[in-house]
Asker: 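Just passing along the structure, written as structure tokens.
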Amino acid sequence: MISSLLVANRGEIACRIFRTCREWGIRTVAVHSDADANALHARVADTAVRLPGAAPADTYLDGGLIVKAAVASGADAVHPGYGFLSENAGFARAVLDAGLVWIGPPPEAIEAMASKTRAKELMGLAPLGEVTEADLPVLVKAAAGGGGRGMRVVRRREELTAALESARTEAASAFGDGEVFVEPYIENGRHVEVQILADTHGTVWALGTRDCSLQRRHQKVIEEAPAPGLSAGLAEELCALSVRAARAVDYVGAGTVEFLVADGKPHFLEMNTRLQVEHPVTEAVHGIDLVALQIQVAEGHALETEPPRARGHAIEARLYAEDPAHDWAPQTGTLRRLAVPEGVRLDTGFTDGDEIGVHYDPMLAKLVAHAPTRAGAIRKLAGALERATLHGPVTNRDLLVRSLRHEEFTTARTDTGFYDRHLTELTEPAPDPYAPLAAALAAAHGRSRFGGWRNVPSQPQVKRYVMAGEEHEVRYRHTRVGLEADGVRVVHADAALVVLEVDGVRRNFEVARYGDEIHVNATRLTALPRFPDPTAQHAPGSLLAPMPGTVVRVAEGLTAGAAVRAGEPLLWLEAMKMQHKIAAPVTGTLTALHAVPGHQVTVGALLAVVQET
């Protein structure tokens, strides 16, 4: 019987596994990098072991270091979570060789399925060899790992070499394995998967389907169970194929078999030999705890002959610290406040006051809603996201709400091209026009205590804010009856709550201020100084780092004085385990190049200057 369990992972998944362990009376052990020394998963575990360093290769991808941590802490089992070493057969063997219980499939099954190339061979498929024009578009894909990393769509043959190099670099950084392969790219199919669970007594459960078609950069954003709109025959076929794949490798534990469905036909993608990020939707509809079942299977217990019946519908949304309107750029900073309404499940690796750094995935949390019907689950989740208190860096919250309410999603007609078609409309700024006024009135109350007045009419007070990338100027004045704003009646104002009457309708605005960062209901603003800093200027054509990160590559042969074309890639930044291309904004001459491979840069750092010709 397992009494102490180490999670070889971090963040949200480590916290989620620890939650089940506490319920089952199992002692918990965390591992953490130096960057995660104060992370939530390290704080909530009974014991925590340091992994010196910050880069994944030196910490969470160092299997030998993690096994030593398990032995030193007295753990008798290891759960890999997802990502990092979760599909690494060598790590699984090292855990077993140390006399520990491995919460996962046998190493042989991982070897057969964790490499996507070998998995395809097992299913009678093969990757592409020489790519011809007739094969385009194609997908370059990492053979190990998942989460959308190490994947590139190639639509022109001349782009293939660069895509292969970029994918290899990203895959090696994220998974410790730079192997990639090429396969046909099926456009606008549905991404449907089947959750399986197998024990050591010959029972294999197929726990229904999930639809994960809403993706950005091949990484899932919204998932649901069961997959809507599938015929009974197709759903049964997907489950049967998944069970067959599991039995073919004598699978044990939790896993997921993924397909693209196009024209009513399934196309096998891969089998993930681990727990998936989206496992909570399956838990919700089947009323089970997959982590608890993983532990029971690892202890040798037998599953029931048939899985529990599915009930209702569940939808999960991944909340990321990123800006969808600006190429999904990851965001860093302090998470000031995160709270969601009751009735939805919140899985997170962060709490109020935690720092969101540059080293790891930008996912803050997962919100899961379960209801008797799909429409009910959509309404429940969209409403919870809209009412959530979320103070800190820019997130994809508004995108999630709009996606859930989009007609294609509500009518179950989405596919993997959803964001390619609709991203512009879904990221159109629509902040509350009265938010700047509410922020100014709250600030005025905080300074003046809202009540001082003079017999001489005062000059209007002026405050300036940036909201959704645009500058807003607000004017208001103190009177003997309070604060006055043009066209709006101020019913109440204090430092935390402003009530305005607009066209006879009262509206409440909750205000929270953290220095120059201000949150008014769900709108984020930045207060501008009264007198702008004249030194904060950059030459035209300056390329500034859109995020903090590491310069991983500069275009071959690129030096100051080189001629460049608009849109030409100049350098690549890596932040939060993803690579981001920095391209020339105009056609002209590169007059300065400050980026050096291996250097870390802060947001706004000057990388290069291109003078337009």
Side-chain angles (χ1 to χ4, degrees), residues 9 55-61 63 80-91 110-111 113-121 125-129 131 137-155 159-186 191 193 212 215-221 256 258 260 268-274 276-277 318 320 322 327-330 358-363 416 549-553 569 571-582 597:
N9 218 295
D58 301 328
T59 54
Y60 300 108
L61 286 171
Y82 52 70
F84 293 129
L85 295 171
S86 61
E87 295 179 278
N88 187 300
F91 178 57
I110 296 176
E111 285 176 329
M113 285 297 190
S115 170
K116 298 173 179 62
T117 51
R118 289 190 286 275
K120 285 182 177 293
E121 291 169 2
L125 305 170
L128 290 173
V131 176
V138 296
L139 182 66
V140 176
K141 197 170 184 180
R149 297 176 185 85
M151 295 176 68
R152 302 287 186 274
V153 176
V154 177
R155 300 184 183 280
E159 297 173 348
L160 181 60
T161 300
L164 287 166
E165 182 180 353
S166 176
R168 285 191 189 103
T169 303
E170 189 171 275
S173 174
F175 314 120
D177 185 342
E179 181 189 351
V180 298
F181 66 96
V182 181
E183 67 180 8
Y185 181 55
I186 299 174
H191 189 126
E193 61 190 31
C212 310
Q215 304 176 6
R216 84 325 182 230
R217 290 181 168 173
H218 311 290
Q219 192 169 29
K220 301 159 189 173
V221 177
T256 300
E258 303 199 350
L260 273 178
F268 174 77
L269 282 176
E270 63 195 33
M271 179 175 179
N272 290 311
T273 53
R274 55 175 169 82
Q276 294 276 94
V277 179
R318 301 189 192 186
Y320 286 100
E322 65 182 12
D327 197 28
W328 311 95
V358 301
H359 297 96
Y360 311 111
D361 189 274
M363 189 172 75
T416 56
T550 302
V551 180
V552 292
R553 188 156 61 98
L571 56 102
W572 287 260
L573 285 181
E574 183 171 278
M576 296 182 175
K577 298 169 70 176
M578 298 286 282
Q579 287 193 11
H580 304 268
K581 179 176 65 179
I582 308 298

Asker: With the side chain counted from C-beta on, respond yes when W572 and I582 share a heavy-atom pair under 4.5 Å apart, and no when they do not.
Answerer: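 Contact flag for W572/I582 side chains = no.
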
Asker: Answer yes or no: is there an ion pair linking E179 with R168, defined by an N-O contact shorter than 4.0 Å?
Answerer: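 R168 and E179: not salt-bridged.
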
Asker: Any ion pair linking R217 and D327 (charged N to carboxylate O, less than 4.0 Å)?
Answerer: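 Yes, this pair counts.
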
Asker: Has the side chain of S86 got a donor or acceptor atom that lies under 3.5 Å from a matching backbone atom of G83?
Answerer: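 Confirmed, S86 side chain pairs with G83 backbone.
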
Asker: Do the side chains of Q276 and E193 get nearer than 4.5 Å, heavy atoms only?
Answerer: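 SC-SC contact between E193 and Q276 confirmed.
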
Asker: Kindly say whether A55 contributes a backbone atom to a donor-acceptor pair with the side chain of T59 at under 3.5 angstrom?
Answerer: yes

Asker: Apply side-chain contact (heavy atoms from CB on, under 4.5 Å) to Y320 and R216, showing your working.
Answerer: CA-CA 11 Å; Y320 286 100; R216 84 325 182 230; 3.6 Å; yes

Asker: So which heavy atom on A171 is nearest to which on A142, and how close?
Answerer: CB-CB, 3.7 Å

Asker: Rounded to the nearest 0.5 Å, what's the gap from NZ on K220 to SG on C212? Could you check?
Answerer: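 Taking NZ in K220 and SG in C212, the distance rounds to 4.5 Å.
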
Asker: With side chains defined as the heavy atoms from C-beta onward, is the minimum distance between V154 and L139 less than 4.5 Å?
Answerer: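 Side chain of V154 against side chain of L139, heavy atoms only: no contact under 4.5 Å found.
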
Asker: Rounded to the nearest 0.5 Å, what separation is found between the CD atom of E183 and the CG atom of L260?
Answerer: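 If I round to the nearest 0.5 Å, the distance is 8.0 Å.
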
Asker: Could you state the interatomic distance from CD1 (I186) to CG (L269), rounded to the nearest 0.5 Å?
Answerer: 7.0 Å

Asker: Would you compute the distance between atom CG of D361 and atom CZ of R318 and round it to the nearest 0.5 angstrom?
Answerer: 8.0 Å

Asker: Can you give me the closest heavy-atom contact between I110 and E87, atom names plus distance?
Answerer: CG2-O, 3.2 Å

Asker: Could you check whether H191 and Q215, counting side-chain N and O atoms only, form a donor-acceptor pair closer than 3.5 Å?
Answerer: yes

Asker: Got P80 and L85 here, is their nearest side-chain heavy-atom distance under 4.5 Å?
Answerer: no

Asker: Going from CD on E111 to CG on N88, what distance comes out if it is rounded to the nearest 0.5 angstrom?
Answerer: 9.5 Å

Asker: Are the side chains of E170 and M151 in contact, using a 4.5 Å heavy-atom criterion?
Answerer: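 The answer is no, as the side chains (C-beta and beyond) never meet within the 4.5 Å cut-off.
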
Asker: Please report the shortest heavy-atom distance between P56 and F84, naming the atom on each side.
Answerer: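 In this case the closest contact between P56 and F84 is CB-CE2, 4.0 Å.
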
Asker: Within 45 degrees of the ring normal and closer than 6.0 Å to the centroid, is that where the cationic atom of R152 sits relative to Y185?
Answerer: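 Checked: cation-pi criterion not met.
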
Asker: Going by heavy atoms in the side chains, are V153 and V140 under 4.5 Å from each other?
Answerer: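 SC-SC contact between V153 and V140 ruled out.
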
Asker: State, yes or no, whether a side-chain contact exists between H580 and E574 at a heavy-atom distance under 4.5 Å.
Answerer: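 No. Closest side-chain heavy atoms not under 4.5 Å.
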
Asker: Provide the closest heavy-atom pair for G81 versus R274 in the form atom of the first, atom of the second, distance.
Answerer: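 So the minimum-distance heavy-atom pair works out to O-CB, 4.1 Å.
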
Asker: Can you tell me how far apart CG (N272) and OG1 (T256) are? Round to the nearest 0.5 Å.
Answerer: 6.0 Å

Asker: Answer yes or no: is there a side-chain heavy-atom contact under 4.5 Å between V182 and L164?
Answerer: yes

Asker: With a 6.0 Å cut-off on ring centres, are Y360 and Y60 close enough?
Answerer: yes

